[in-house]
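Here's the structure we're looking at; comments come further down.
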Amino acid sequence: MSIRVRFAPSPTGDLHVGGARTALFNWLMARKSGGTFILRVEDTDGARNTAEAAAGIIKGMRWLGLDWDEGPEAGGDCGPYFQSQRKDIYDAYFKKLEDVGRTYAEADGAMRFKFSRTAITVHDLVCGDVTFAPTEEPDMTIRRPDGSYIFHFVNVVDDIEMRMTHVIRGEDHLSNTWKHIDLFNAFGATPPTYVHIPLILNPDGTKMSKRDEGSAIEHSYMNAGFLPAAVFNYLCMLGWTPKSESEKLSREELTALFDADAIHSSNAKFDLKKALWFNAQYLRELSPADLLQHARPFLTAKGLIWTDDTLAAAAVHSVREKVSLLTELPEWVHYFFREDYPFEADVVTKLKAKPENAGLLKAAAEHLAQSTEWTEQSVHDAVEAAAKALSVKPGAMMPLLRFALSGQSRGPGVTTIAHLIGKEKTLARIQRALSEVLGA
RNA sequence: GACCCCUUCGUCUAGCGGUUAGGACACAUCCCUUUCACGGAUGCGACACGAGUUCGAUUCUCGUAGGGGUCGCCA
């Protein structure tokens, strides 16, 4: 039998790392086995669910590359995939329960499910067999007075209707799973295999919630300059260790290595530093064109404009090893795109510190002006010749040129900057530094 | 209060009776270097505690402590 798994979020807010990783593991399970991944929106709580939240969750999943085979925008044989549109199905199932005498009404019209009150064992791939003694809890409400149904009921009905073979979800559901199995049994259906995955905690060990750092996919990752591949990879490492030499693994490798049995049973704390490290790894192996593609919205958001994509790509590529987030790119490359870049305060101080700096810059400009070709090597040679003429080391001249060409004290190689912006701008920038900063 | 899950360096983890307890992130130092980084090297650093089983426990069992979760007409 082909594996069928689902991610069943309730659209009460943004997609969160916990939910994203649950979706991720479900996706991996399906893709690994050639099975089916279903997205089902559990919007039975009319008061708290919003269409915006549902759209946000879909947006986040698309960004992470978690495509679904059945669900909103994808269709499928088991639809509709919004629980708010499945009332007829729930009514029919509720009738089945009534027919076997497992329901009864409260005074206000709410309907409860009569528990079997027998010992129930959950077979879980992560937690093993977990047996719950006959319950002493009150029977659970499954239908509200207004006729709408409660989570436990619709969740089970849909898992039956959609023929789920495995239920991969957060460990916070484990304690309620016996209720679900009780329902499966009442319907005469076979429960799926459960996989309760550990929770993701804040660095201080508390449960991660909406407001916490690194929690919301769109806010903390998409808009913060993460690459989806990096987030995908990092999230996988929280609660699962692939049998592999490296931790840095592609989507394809993770899919091939995925093994639900190997998922851990202990919770993991979120580590932003490590997430950043993963992102830096992915960032630096992007081609110039791909890097620019990802960086584009972050550059334009800072008002940087350009006409030559090749040049812009080379610019961002030249600093790819210096950043761990796309949002850091603009401050590292802005001077490639404009001539009115500011001179940082410490740069001004350093330039003014020694009176001979003006002479050094002028000499560099003169030698550079004589260059007939304009490559990184020719720039380097010209600077070296200028240094030699004044009996100083090239190392004394390079920082000054960096200040003049970028206004900053850090960045890619000076020769790289000069080469990319061209001879004309290089000479003009040196002149500007001489006149504006040194008054020469 | 009851029930469920969990417990190895600061963090993510390897380990599945005998290991100098390994790796990654972070941190520190050094090397490389025109800056910042990258990279390389080294260092720092853990089996929660107590019983038991065993020739021998990080590993198996029980207990304690600690952490997390659940017990809704939320999902």
Give a yes or no on whether a donor-acceptor pair under 3.5 Å exists between the nucleobase atoms of rC73(B), that is its base, and the side chain of D108(A).
yes
K273(A) side chain: which of rC73(B), rC25(B), rG72(B) is closest?
rC25(B)
Protein-proximity profile, nucleotides 2-13 of chain B, B/S/- by nucleotide at the 4.0 Å heavy-atom cutoff, equals --SSSS---SBS
Would you indicate what K179(A) reaches in the nucleic acid, counting non-hydrogen atoms under 4.0 angstrom: base, sugar-phosphate, or nothing?
sugar-phosphate
Do nucleotides 34-41 of chain B as a string where each nucleotide becomes B, S or -: B if the base has a protein heavy atom under 4.0 Å, S if just the sugar-phosphate does, - if no protein is that close.
BBBBSS--
Taking the C1' atom of each, how far is rA28(B) from rU34(B), in whole Å?
26 Å
Donor-acceptor side-chain pairing of N357(A) and K354(A) below 3.5 angstrom:
no
Salt bridge between D139(A) and R117(A), side-chain N to carboxylate O under 4.0 Å?
yes
Residues in salt bridge (Lys or Arg N to Asp or Glu O under 4.0 Å) contact with E218(A), at least two apart in sequence or another chain
K59(A)
If anything within 90° of 0 is syn and all else is anti, what is rC4(B)?
anti
When you measure from the side-chain N and O atoms of T44(A) to the phosphate of rA75(B), is any distance below 4.0 Å, counting only OP1 and OP2?
yes
Donor on one side chain, acceptor on other, R402(A) and S406(A), under 3.5 Å:
no
